[in-house]
A.B. asks: 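Pasting a structure below so you can have a look.
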Amino acid sequence: MKLANNKATLSFSNGSPSVDMPVYSGSIGPDVIDIRKLYAQTGMFTYDPGFLSTAACQSAITFIDGDKGELLYRGYPIEQLAVNCDYMETCHLLLYGELPDAEGKAKFSRLVSMHTMVNEQMQFFLRGFRRDAHPMAIMTGLVGALSAFYHDSTDINNPQHREIAAIRLIAKMPTLVAMAYKYTQGQPYIYPRNNLSYAGNFLHMMFATPCEDYVVSPVLERAVDRIFTLHADHEQNASTSTVRLCGSSGTNPFAAIAAGVACLWGPAHGGANEACLNMLEDIQKMGGISKVGEFMEKVKDKNSGVKLMGFGHRVYKNYDPRAKLMQETCKEVLAELGLENDPLFKLAMALEKIALEDDYFVSRKLYPNVDFYSGIVQRAIGIPVPLFTAVFALARTVGWIAQLNEMIGDPEYKIGRPRQLFTGSTARNVLPLGQR
Ligand code: SDX
């Protein structure tokens, strides 16, 4: 970052001395006011619950322009990456800052393939869960359990250790998600196959059985790979900020990623894809498109607590570019599978059309986000609804670990320790029990 040709002066109406604060610029996007010395100079904190106006770090990985609906991974527009690259190239880009050439891609993909198996002990963690446990509960446990292994590489201040932890996490997440799925189905785990692509291997581990060969469909393989790319990273979202804050204590990197999995599960975040599909199925049961108007009235009634899941975003105040690409993927997959008339896809498009013409949504700049269509395409592929967020976590792992490693690699980083506006009781004395 560089000092901008500007500064911020904070003045107080109560006559307290004003304070000058430097303004810094990045390469693109909003400038920042450096308030790091504010408390020392004024004895006051800034107040920004939800971090609507706070840059918690500097980063060179992902840029979002919410007004334009623009998303760049290391400067490349998501629209170009989704069409011209695959997820392995995207992982290389996010981790190392550049797209690989053919040789580099082959080397990176091979390195990931060589780490796709998990320790055989991992199977015993699964046995502790009920068969009907939510996959994200299982994943939070399994990813956390990974921190009990790999003691050869947990010095996060060692760049080689950070890199092998990244490779292991990217490589093992598909294996763990597939194991979580197989466990809930009562089916045997399917080992990774190094001769398959990253997405193909995931499909094979999910849907193959020991009883017969499973041939990976190129259409589904490409769709799954596209879903992974669209979910790979997204600036300082809630789960990425969780990983950064957790990792800032110097904890085990696998434990920090487990914290990200836990945060992503929430319906306001990555859990929205599952919630959106359930919402579409509920409207379908109520009567489908004919009931959309009635449903929208509930959404607009603050007292109902009903939200249009898959709509709205803290940053995008325009169409989420990933939602457009996901809708295209939906159309391609449904057409390939002969499901063009999928009622839920038609319902989703009808909901979108109505919402984009309704002042409640237009005035609040609420548009479809990445979660609005991702569930429909995952359901068409055969991925069960409760597994949608686990697939999101699988895909986002590269973003989480790239951001964590970027933070740890910054010599200026410190443990994160926000302050508060205290509104509780002032100091008072404890009375003996008999006098309370
Ligand atoms: C992800 O941050 C990221 O980058 C996340 C993510 C990523 O890749 O990591 O993009 C992934 O989490 C996408 C978001 C998925 N969540 C959902 O689809 C759940 C539904 N959306 C909402 O919960 C909401 O839009 C949020 C949580 C996404 C954003 O909430 P904000 O920014 O805190 O905005 P807000 O709740 O203050 O909403 C502003 C207004 C409010 O109305 P008013 O108080 O102004 O009258 O818009 C309303 C909200 O009630 N609103 C909605 C709505 N979203 C916001 N009303 C109905 N349906 C919705 N979906």
Side-chain angles (χ1 to χ4, degrees), residues 48-56 59 61-67 69-73 78 82 90 94 136 227-244 257 260-280 283 292 295-326 348 351-352 354-356 358-376 388-389 391-400 402-403:
D48 187 15
F51 310 117
L52 286 97
S53 301
T54 294
S59 176
I61 298 175
T62 294
F63 177 76
I64 303 169
D65 183 319
D67 294 330
E70 182 182 52
L71 169 58
L72 309 177
Y73 287 170
I78 191 68
T90 303
L94 290 170
M136 283 302 277
I227 290 169
F228 291 166
T229 294
L230 294 179
H231 288 83
D233 193 46
H234 212 239
E235 200 215 64
Q236 305 311 316
N237 59 83
S239 53
T240 299
S241 299
T242 299
V243 168
R244 278 181 172 258
I257 300 301
V261 175
C263 176
L264 187 75
W265 189 2
H269 192 12
N273 52 20
E274 175 182 0
C276 180
L277 210 289
N278 291 334
M279 171 191 75
L280 292 170
I283 299 171
V292 165
F295 177 78
M296 286 305 216
E297 286 315 305
K298 271 192 212 159
V299 169
K300 294 189 280 189
D301 170 9
K302 286 279 175 233
N303 302 320
S304 73
V306 175
K307 284 192 183 282
L308 182 57
M309 300 311 281
F311 253 72
H313 200 276
R314 171 63 56 76
V315 177
Y316 288 122
K317 300 310 173 191
N318 196 327
Y319 214 105
D320 181 335
R322 303 168 298 174
K324 279 198 185 98
L325 291 160
M326 197 66 81
L351 266 171
E352 175 189 335
I354 291 168
L356 297 186
D358 184 302
D359 183 56
Y360 174 92
F361 294 87
V362 173
S363 63
R364 292 170 175 80
K365 298 186 176 181
L366 301 177
Y367 291 86
N369 59 51
V370 69
D371 293 307
F372 191 61
Y373 289 103
S374 69
I376 298 167
F388 289 175
T389 310
V391 170
F392 192 154
L394 183 171
R396 182 54 58 88
T397 293
V398 64
W400 286 332
Q403 298 263 358

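Just so you know, residue 1 is the first one in the sequence shown, and it goes up from there. As the structure lists them, so they are numbered: ligands from 1, and atoms in each ligand from 1. Since the structure is predicted, the reported quantities are computational estimates derived from the model, not experimental observations.
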A.B. asks: Measure the shortest side-chain to side-chain distance between Asp320 and Tyr367 over non-hydrogen atoms and say whether it is less than 4.5 angstrom.
C.D. replies: no
A.B. asks: Would you check if Glu352 and Tyr319 make a side-chain contact, meaning some heavy-atom pair closer than 4.5 Å?
C.D. replies: yes
A.B. asks: At a 4.0 Å threshold, what atoms of ligand 1 neighbour a non-hydrogen atom of Arg396?
C.D. replies: 7 (C), 8 (O), 9 (O)
A.B. asks: To the nearest 0.5 Å, what is the distance between NE2 (His234) and CD1 (Ile78)?
C.D. replies: 8.5 Å
A.B. asks: Which ligand 1 atoms are under 4.0 Å away from a heavy-atom of Ala272?
C.D. replies: 15 (C), 16 (N), 17 (C), 18 (O)
A.B. asks: Does Ile376 reach the side chain of Cys276, with side-chain heavy atoms less than 4.5 Å apart?
C.D. replies: no
A.B. asks: Atom OG1 in Thr54, atom CG in Asp48: separation rounded to 0.5 Å?
C.D. replies: 3.5 Å
A.B. asks: Just checking Phe51: does its CZ atom have more than 12 heavy atoms from other residues, nucleotides or ligands closer to it than 6.0 angstrom?
C.D. replies: no
A.B. asks: Check whether any protein heavy atom sits under 4.0 Å from atom 5 (C) of ligand 1.
C.D. replies: yes
A.B. asks: I'd like to check whether Val370 has a polar contact with ligand 1, where a contact means an N/O of the residue lying under 3.5 Å from an N/O of the ligand.
C.D. replies: no
A.B. asks: Enumerate the atoms of ligand 1 whose separation from the nearest heavy atom of Asn237 is less than 4.0 angstrom.
C.D. replies: 2 (O), 3 (C), 4 (O), 5 (C), 9 (O)
A.B. asks: Do Phe228 and Val398 have side-chain heavy atoms sitting under 4.5 Å apart?
C.D. replies: no
A.B. asks: Give me the residue, atom name and distance of the protein heavy atom closest to atom 15 (C) of ligand 1.
C.D. replies: Asp371 OD2, 3.2 Å
A.B. asks: Examine ligand 1 and decide if any of its atoms is less than 4.0 Å from a heavy atom belonging to His231.
C.D. replies: no
A.B. asks: Give yes or no for whether the N/O distance cutoff of 3.5 Å, strictly under, is met between Lys317 and ligand 1.
C.D. replies: no
A.B. asks: Yes or no, since that's all I need: does a protein heavy atom fall within a distance strictly under 4.0 Å of atom 38 (O) of ligand 1?
C.D. replies: no
A.B. asks: Quick test: of every protein heavy atom, which one is nearest to atom 49 (C) of ligand 1, and how far off is it to 0.1 Å?
C.D. replies: Lys307 NZ, 3.8 Å
A.B. asks: CD1/Ile257 to OG1/Thr242 distance, rounded to the nearest 0.5 angstrom?
C.D. replies: 10.5 Å
A.B. asks: Would you verify that at least one protein heavy atom lies under 4.0 Å from atom 34 (O) of ligand 1, or report that none does?
C.D. replies: no
A.B. asks: Judged by non-hydrogen atoms, does Tyr316 sit under 4.0 Å from ligand 1?
C.D. replies: no
A.B. asks: Is there a side-chain contact (heavy atoms from CB on, under 4.5 Å) between Leu71 and Tyr316 once you walk through the steps?
C.D. replies: CA-CA 10 Å; Leu71 169 58; Tyr316 288 122; 3.4 Å; yes
A.B. asks: Does any N/O atom on Phe361 come nearer than 3.5 Å to any N/O atom on ligand 1?
C.D. replies: no
A.B. asks: Return the closest protein heavy atom for atom 57 (C) of ligand 1 as residue, atom name and distance.
C.D. replies: Val299 CG1, 3.6 Å
A.B. asks: Near Gly310, which atoms of ligand 1 are under 4.0 Å from a heavy atom of that residue?
C.D. replies: 17 (C), 18 (O)
A.B. asks: Considering non-hydrogen atoms only, spot the tightest contact between Ala82 and Leu325 and give its length.
C.D. replies: CB-CD1, 4.1 Å
A.B. asks: Mark whether atom 46 (O) of ligand 1 lies under 4.0 angstrom from at least one protein heavy atom.
C.D. replies: yes
A.B. asks: Give me the nearest non-hydrogen protein atom to atom 28 (C) of ligand 1 as residue plus atom name, then the distance to 0.1 Å.
C.D. replies: Gly312 O, 3.7 Å
A.B. asks: Look only at the side chain of Asn369 and the backbone of Gly312, and say whether a donor-acceptor pair between them is shorter than 3.5 Å.
C.D. replies: yes
A.B. asks: With respect to Lys302, determine whether any N or O atom, backbone or side chain, lies less than 3.5 Å from an N or O atom of ligand 1.
C.D. replies: yes
A.B. asks: Would you say atom 2 (O) of ligand 1 makes contact with the protein, given that contact here means a non-hydrogen protein atom less than 4.0 Å away?
C.D. replies: yes
A.B. asks: So which of Asp233, Leu52, Asn369, Thr62 gets nearest to atom 14 (C) of ligand 1, if we judge by its closest heavy atom?
C.D. replies: Asn369
A.B. asks: Using heavy atoms and a threshold below 4.0 Å, how should the contact between Tyr360 and ligand 1 be classified: side chain, backbone, both, or neither?
C.D. replies: side chain
A.B. asks: Among protein heavy atoms, which sits nearest to atom 40 (C) of ligand 1, and what does the distance come to when rounded to 0.1 Å?
C.D. replies: Arg364 CD, 3.9 Å
A.B. asks: Can you tell me which residue and heavy atom of the protein come closest to atom 11 (C) of ligand 1, and the distance to 0.1 Å?
C.D. replies: His269 ND1, 3.7 Å
A.B. asks: Around atom 58 (N) of ligand 1, find the nearest protein heavy atom and jot down its residue, atom name and distance.
C.D. replies: Leu308 N, 3.0 Å
A.B. asks: Under a 4.0 Å heavy-atom limit, does Leu366 contact ligand 1 with its side chain, its backbone, both, or neither?
C.D. replies: side chain
A.B. asks: Evaluate the side-chain proximity of Leu394 to His231: yes if any heavy-atom separation is below 4.5 Å, no if none is.
C.D. replies: no
A.B. asks: Among all protein non-hydrogen atoms, which one is nearest to atom 24 (C) of ligand 1, and what is the separation to 0.1 Å?
C.D. replies: Phe311 O, 4.3 Å
A.B. asks: Please indicate whether Lys300 has more than 12 foreign heavy atoms, meaning atoms of other residues, nucleotides or ligands, lying under 6.0 Å from its NZ.
C.D. replies: yes
A.B. asks: Using a heavy-atom cut-off of under 4.0 Å, does the side chain or the backbone of Pro267 touch ligand 1, or both, or neither?
C.D. replies: backbone
A.B. asks: Would Ala238 count as a polar contact of ligand 1, with the cut-off being nitrogen or oxygen pairs under 3.5 Å?
C.D. replies: no
A.B. asks: Contact between Trp400 and Ser239 at the side-chain level, heavy atoms closer than 4.5 Å - yes or no?
C.D. replies: yes
A.B. asks: Working to the nearest 0.5 Å, report the span between CG of Asp358 and CZ of Arg364.
C.D. replies: 9.5 Å
A.B. asks: Once you round to the nearest 0.5 Å, how far does CZ of Phe372 lie from NE2 of His313?
C.D. replies: 15.0 Å
A.B. asks: Which of the numbered atoms in ligand 1 are below 4.0 angstrom from a heavy atom of Ala268?
C.D. replies: 12 (O), 14 (C), 15 (C), 16 (N), 27 (C)
A.B. asks: Hey, what do you get for NZ (Lys298) to CD1 (Ile283), rounding to the nearest 0.5 Å?
C.D. replies: 8.5 Å
A.B. asks: For atom 26 (C) of ligand 1, is the nearest protein heavy atom under 4.0 Å away?
C.D. replies: no
A.B. asks: Just jot down the ligand 1 atoms closer than 4.0 angstrom to any heavy atom of Arg314, in number order.
C.D. replies: 29 (C), 31 (P), 32 (O), 33 (O)
A.B. asks: Ligand 1 versus His313, non-hydrogen atoms closer than 4.0 Å: side chain, backbone, both, neither?
C.D. replies: both
A.B. asks: Looking at every heavy atom in both Glu235 and Gln403, which two are closest together, and how far apart are they?
C.D. replies: O-NE2, 3.8 Å
